[in-house]
Structure formats: structure tokens, C-alpha cells
Amino acid sequence: MPNSSPHPLFDVLIIGSGAAGLSAALRLPPSLSVLLLSKSSINAGSTPWAQGGIAAALGGIEDIEQHIQDTIRAGNELPDAAVVQRVVRAGAEQIDWLLSLGMPFSGDSNQLHLTREGGHGARRVAHAADHTGRTLMETLLEAVKARSNITVQEQKLAVDLITTHKLGALDAPNRCLGAYVLDLTCDTVHTVRADYVILATGGAAKAYLYTTNPDGSTGDGIAMGWRAGCRVANMEFMQFHPTCLFEARAKSFLISEAVRGEGGLLLLPDGTRFMQNYHPDAELAPRDVVARAIDSEMKRLGIDCVYLDISFKGRAFIEEHFPMIHARCLQYGYDMTTQPLPVVPAAHYTCGGIMVDEQGQTDLDCLYAIGETSHTGLHGANRLASNSLLECLVYGQACAQHIASRHSAKENLSPSPLAVPDWDDSQVTDADEAVIVTHNWDELRRAMWDYVGIVRTTKRLQRAAHRISLLRREIQDYYAHFRVSNNLIELRNLVDVADLIVRAALARPESRGLHYTRDFPESDPKLAHINTICTPIPAEKLGCELGIHSVTPDMTHANKT
Ligand code: FAD
Ligand code: SIN
């Protein structure tokens, strides 16, 4: 590591240790020094929880063409066709790469077992039984261990990005210089410098009361990128997974869509099917359709959940295909080999995010965003099942290649015009009432669930916007006066992201994919290819945003371009 700077200086800082961050780290040349951070344990992101698998068209040209069409149809025509083609065409190469790292997919390397999920016209999902994410993490981490250029640090929470404009150098082009990072083991904020920074911090489903996501899905990367001046797109499209186990003790446990892919049926409490009334593909309709249908049946009948039944496939089949789900459900007293499982929809995936180009580059020079944090154009108004891990891998590789070529071209990254100051917490004190943070967490997530959920109205969205603006002010105030903690930082990010979601939803006067509003129940063909783009106020209008005393940009507009 070069050490002429008073702060640690790496070639590349990767914030996030999921599929996106780890694959980017592995794709970077071993000659580059890489620091990879996780705010919690290395396995804290969504990746280890992935069940269904990795979508990849392995069946030749026709399969590729159909995967492209399925992705665009599931995304309600909004996906960027060029992006879809590029990502889908890279599928086979990504699976080969994982096989070369030793990933034990189900089936054998000559003939992988492929499962099916909603919206896919064919069996196309490579998987490791029903614990694809866990196995993927093990594979990637094993490979990372063998790379001496990659330093992995846990319990390191990135607070904010450091940019030339935040340092006051407003005449120079804005560039990312690193990040302030809270070391949770000693409650100290460190300055980390890097030539290139990659945000790989996952999604923001924790903005909702009920979610399939782990606790850390608080949209940190989206909020940090936004505050640093990056545009954010399509935040109204929060995906709700149709089948989360309805069991309080499980907190949030997903029942994979592959259960329906392998024949599982959705039932009302009296045992009747209903999905055929909503879509010709019934249980295998795209996720937005299935989640909305379940929500509608629950409201129509006043019931707490619906049921997912695959027991008729028999114990041997279920134990082979869904060993992890079966074992976990047994812990809560449900035997899926003999009975249907109670299920409800829950917030699952953030389709929008920081706008990036095909190399994962954001609006800010030297800052990249990959994985669920980013908006690449792949998902449009609704992500096709198992396309997320594929996107993580493809963009992990793309951004690594881009950084490597910039680095090897010895591109002149002119030194920062100002020295990067240390984090200044001399003006703040220890938090006096932690209850404010916990109360606001609950209030925000409940407001999002109640007002910005599966079915929306303009009035509900306006109500949410009002609540969020009050909460935001309160949280900003708290942030300005008290020492940072992980809960406070996550809450500050979550309220920024909630604000982006609501403003984007209000800016789309139609229903499309995951954004369904009773006030505009139809899709508007004029908006079929229009992304909702939120543009931050330019930094020069903000003044300095450093250390504790930051001013988060207000949304000027959630405009359509
Ligand atoms: P994550 O895996 O979420 O990793 C984020 C990382 O960032 C973590 O290491 C976290 O600690 C770190 N981090 C976050 N904020 C900070 C910060 N401020 N400072 C430092 N570190 C930070 N997709 C599929 O394609 N197929 C599936 O079968 C599938 N199943 C799923 C099942 C479940 C239950 C869930 C929740 C999701 C599933 N998805 C699936 C979606 C997919 O798993 C995620 O979209 C994908 O794993 C995201 O990967 P990522 O690398 O972008 O982020
Ligand atoms: C699942 O297994 O149902 C999740 C797949 C996904 O989110 O893509």
C-alpha cells in the first residue's frame, strides 16, 4: 500500500462484501491494492440469503433471445434493451467463471440442473439446491482469501464519501477521493483514501416494515452517492416478493420462487387456487403480478396470509430441491412435505439506485456503483427472478476491467487540491436519547409500509412525503448534534432513500410493474421508456458538506428525461 498520505491510501476501496463487491475485488488485477469493507460481518448482506439461483441462458441463441425478452417483459418494457442484451449474453461466461472458482452448482459441470422461476419462459436458473447465495459467498470468499492484494475488514461502516467538491474545490471537476469510515469496534471515524471507490452496499428494502432482507439493507450506498451528487433513478420500483413465511418468530424468511417454479401452488385458506384469475401464467406470472394478487386476495377476504403448497411432490423431491427451506420451516413447526406454508408478500429488492453506465461508472469521477445499489437499466419496472446475482457478477467484472484499464493507462489522477481533513467530532456530544433514533426507525418503516406499499394512491404518497420530511429534519438535526452510531447512520440513509422512493413514486402518473397506484391504474404508453431520475442540487449551492455538520441536498425535482 502506498503510504505518502497521512491516511491509508488504496488503489481501490470497495464498500460492501456481497456478490457485487467480492466479484469486483476478484476481477481486479492482483497488482492493485484493494480494501474491501463490510459494515457488519462479512456475510451480513443479502447475497448469502439468495435461494433460487443465478439466471443464465445456457441453452444457446434461442435461450438467450428468450431470456432477453423475458427480462424486458417482466420489467414492463422499461428495461434498457442494450443493457439487457449485454448482461444476458454474459450469463454463460459468468457461470463458467464461478465453475472455475469451484462453485458447486446442482447437477454437474457438464449438465447443470436448471430450475425455473416466475416470468421465465424456460428452466434457466443455475443454483446450488436452495442455498445458492450461501454457496456463492463461500466460493467467492475462498478465492478472496488466496489474494494477498485484497484486505477485507469487517465492522467498518462507511459514513460518507469524500469528494473534491465537498473539500471546497468547486472549480475542479468533482471527483471521489475516498470515504469516512466508522470503525464499529472502537467507535472512531477514520479517513480512507483511494484512487477509485466502488459502492457495493446492496439495497434498501429495510425502508419497509416487512422485508425479506437482512438488517443492513438500509440503502447506504444510494444515500451516500446521492449526497455526493450522483443521480438516482427509478426508486419507485421496490419489488415485493410474493412469498415470505408468515411467522413472527422467523422475522423474515423467504420461501423461494423456485418452489412455484417446481410446481408449488398458491392457495386460499379453503384450498382453492386463485392465480389463474390474475394472469395466464398463474403461479409463474412475474413477481409484481403475483404479489399484487396475494395482496388483493388478503384484502378481499380479510385474511392474514395465503398458502403455498408443494407437499404433493413428496418428501424425497422436497428434501432434494429445498433442503434448507424445509429444515428452516420445520424449526417453526411447518412440514412442507405434508402441509401448505403460510406466506405473505414482503419488500425484497430495490430496482432503482445510483445511475451508472455500462462500466458501473456513476456521475462522480472515480466512483462506481454495482449490484443492488446501482441502477443499470436491467430491471426496468420489475426485476426478473434471479437476474440480480447475474447483474452483480457482470458489473463486478465490468467495473474492475474499467478501473484496471484506467490504472494501467496511468491515467493522471491529479492530486486532491486540498488535504483531506480528519473527521471532526469536536462540536458534537454523545447522544442523549437513543429512543429518538429507535422511534424514528419504526415510524419511518411503518409509514413506508402503510403508504408506499404494493398498492399506492396519490393521497397516501403525499401523506408519506409529509411524514418523511418531518422525520428527515429531526434526523438531520440529531445527526448534526450527536456523535454518530451505526443506528443513526443507517437511519439517516434510510430516510434519504425513503424520500427518494416517495418523490419518484409521486413523479410517475401511471401504473407500471411494481409501481401500482389507484389514481392512475393503467400504464401510459408514453412513459414506457421513461426513467424517473432524481437529480441532486449541485454541490456549489450547498456549501461544504464535511464531517458531522453536513447539509444533505434537498430534491430539486424528480424529473423525467
Ligand atoms: P449485498 O449482498 O446485500 O451486500 C451488501 C454489502 O454491503 C454487505 O457486505 C454489507 O455489510 C455492506 N454494506 C452496506 N452498507 C455499508 C456501509 N455503509 N459501509 C460498509 N459496508 C456496507 N437474487 C438472485 O439473483 N437470485 C436469488 O435467488 C435471490 N434470492 C434472494 C433471497 C433473499 C432472501 C434476498 C434478500 C435476496 C435475494 N436475491 C436474489 C437478491 C440478491 O440476493 C441481492 O440483490 C444481491 O445479493 C445483492 O448483492 P450486493 O452485492 O449488491 O449486496
Ligand atoms: C427466490 O428464490 O425466490 C428469490 C429469487 C430472486 O429474488 O431473484
Side-chain angles (χ1 to χ4, degrees), residues 41 43-54 104-107 113-118 125-138 205 209-215 217 240-275 283-284 287 290-291 294 297-298 303-349 385-386 389:
S41 75
N43 275 309
S46 287
T47 302
W49 295 95
Q51 296 181 356
I54 306 170
F105 284 108
S106 292
H113 180 270
L114 301 176
T115 191
R116 192 172 169 187
E117 292 181 86
V125 180
H127 63 107
D130 60 351
H131 46 76
T132 308
R134 198 177 71 208
T135 305
L136 177 63
M137 284 297 288
E138 285 163 4
L209 194 54
Y210 302 109
T211 172
T212 63
N213 282 207
D215 286 344
S217 297
F240 289 78
H241 195 291
T243 56
C244 188
L245 186 69
F246 180 59
E247 164 59 56
R249 284 170 300 164
K251 204 168 162 209
S252 53
F253 183 64
L254 184 80
I255 309 297
S256 175
E257 197 155 307
V259 171
R260 277 175 285 131
E262 296 295 339
L265 299 175
L266 286 166
L267 306 175
L268 296 174
D270 67 2
T272 53
R273 287 178 68 196
F274 57 92
M275 273 313 303
E283 277 82 358
L284 287 180
R287 221 169 253 183
V290 181
I294 294 175
E297 290 298 316
M298 283 168 53
I303 52 180
D304 289 335
C305 63
V306 296
Y307 294 86
L308 177 58
D309 188 19
I310 193 162
S311 59
F312 50 85
K313 284 283 205 173
R315 181 178 298 275
F317 178 90
I318 291 168
E319 283 177 348
E320 182 191 345
H321 287 266
F322 305 113
M324 189 270 291
I325 297 174
H326 177 42
R328 188 79 189 271
C329 289
L330 276 178
Q331 283 175 15
Y332 303 114
Y334 300 105
D335 183 350
M336 67 190 282
T337 67
T338 60
Q339 67 183 134
L341 299 173
V343 290
V344 286
H348 180 64
Y349 184 83
S386 287
L389 291 176

Handout entry: V344 and D304, any side-chain heavy atoms less than 4.5 Å apart
Key = no
Handout entry: Distance-minimising heavy-atom pair for P345 and M298
Key = CD-SD, 4.1 Å
Handout entry: Non-hydrogen side-chain atoms of R287 and H348 separated by less than 4.5 Å
Key = yes
Problem - Student check: side-chain heavy atoms of H241 and Y349 closer than 4.5 Å - result: no
Practice task
Return yes if some donor-acceptor pair links the side-chain N/O of E257 with the main-chain N/O of E117 below 3.5 Å, else return no.
Solution key: no
Practice task
Please check if any side-chain donor atom of T337 sits under 3.5 Å from a side-chain acceptor atom of E319, or the reverse.
Solution key: no
Practice task
Using a strict 4.0 Å threshold on nitrogen-to-oxygen distance, state whether R315 and D335 make a salt bridge.
Solution key: yes
Problem - NZ/NE/NH1/NH2 to OD/OE distance under 4.0 Å, K313 and E262 - result: no
Exercise for the section: Please confirm whether the backbone N or O of P340 pairs with a side-chain atom of S311, one donor and one acceptor, at under 3.5 Å? Expected result: no
Handout entry: F240 versus A291, closest heavy-atom pair with distance
Key = O-CB, 3.6 Å
Problem - Approximate separation, where rounding is to 0.5 Å, of L265 CG and F274 CZ - result: 10.5 Å
Practice task
With the side chain counted from C-beta on, respond yes when D130 and S256 share a heavy-atom pair under 4.5 Å apart, and no when they do not.
Solution key: no
Practice task
Mind checking the CG-CG spacing from L254 to N213? Nearest 0.5 Å is all I need.
Solution key: 9.5 Å
Handout entry: Any side-chain heavy-atom pair of F246 and V306 under 4.5 Å
Key = no
Practice task
State the CG-OH distance between L308 and Y334, to the nearest 0.5 angstrom.
Solution key: 13.0 Å
Problem - C244 and I255, any side-chain heavy atoms less than 4.5 Å apart - result: no
Handout entry: Contact summary for K251 and D215, nearest pair of heavy atoms
Key = NZ-OD1, 2.9 Å
Fill in the blank from the handout: Minimal heavy-atom distance between G52 and S386, with the atoms involved, is C-OG, 4.1 Å
Handout entry: CG-CD1 distance between L136 and I54, expressed to the nearest 0.5 angstrom
Key = 5.0 Å
Problem - Where V259 and I310 come nearest, the two heavy atoms and their spacing - result: O-CD1, 3.4 Å
Exercise for the section: Specify whether H127 and H321 have parallel, tilted or perpendicular ring planes, treating 30° as the upper limit for parallel and 60° as the lower limit for perpendicular. Expected result: parallel
Handout entry: Donor-acceptor contact present, side-chain T211 to main-chain A347, <3.5 Å
Key = yes
Fill in the blank from the handout: Of all heavy-atom pairs linking F253 and C329, the shortest is CE2-SG, 4.4 Å
Problem - Distance in Å, D309 CG paired with T338 OG1, rounded so as to fall on 0.5 Å steps - result: 9.5 Å
Problem - Test item: L266 and V343 side chains (from C-beta on) under 4.5 Å apart, heavy atoms - result: yes
Practice task
State whether the side chain of T272 and the backbone N or O of L268 hold a donor-acceptor pair below 3.5 Å, judged by distance alone.
Solution key: no
Problem - G118 backbone acceptor or donor facing R260 side chain under 3.5 Å - result: no
Handout entry: Modelled atom types, side-chain donor and acceptor of S41 and N43, under 3.5 Å
Key = no
Practice task
Please tell me if the side chains of S252 and Y210 come closer than 4.5 Å, counting only heavy atoms from C-beta onward.
Solution key: no
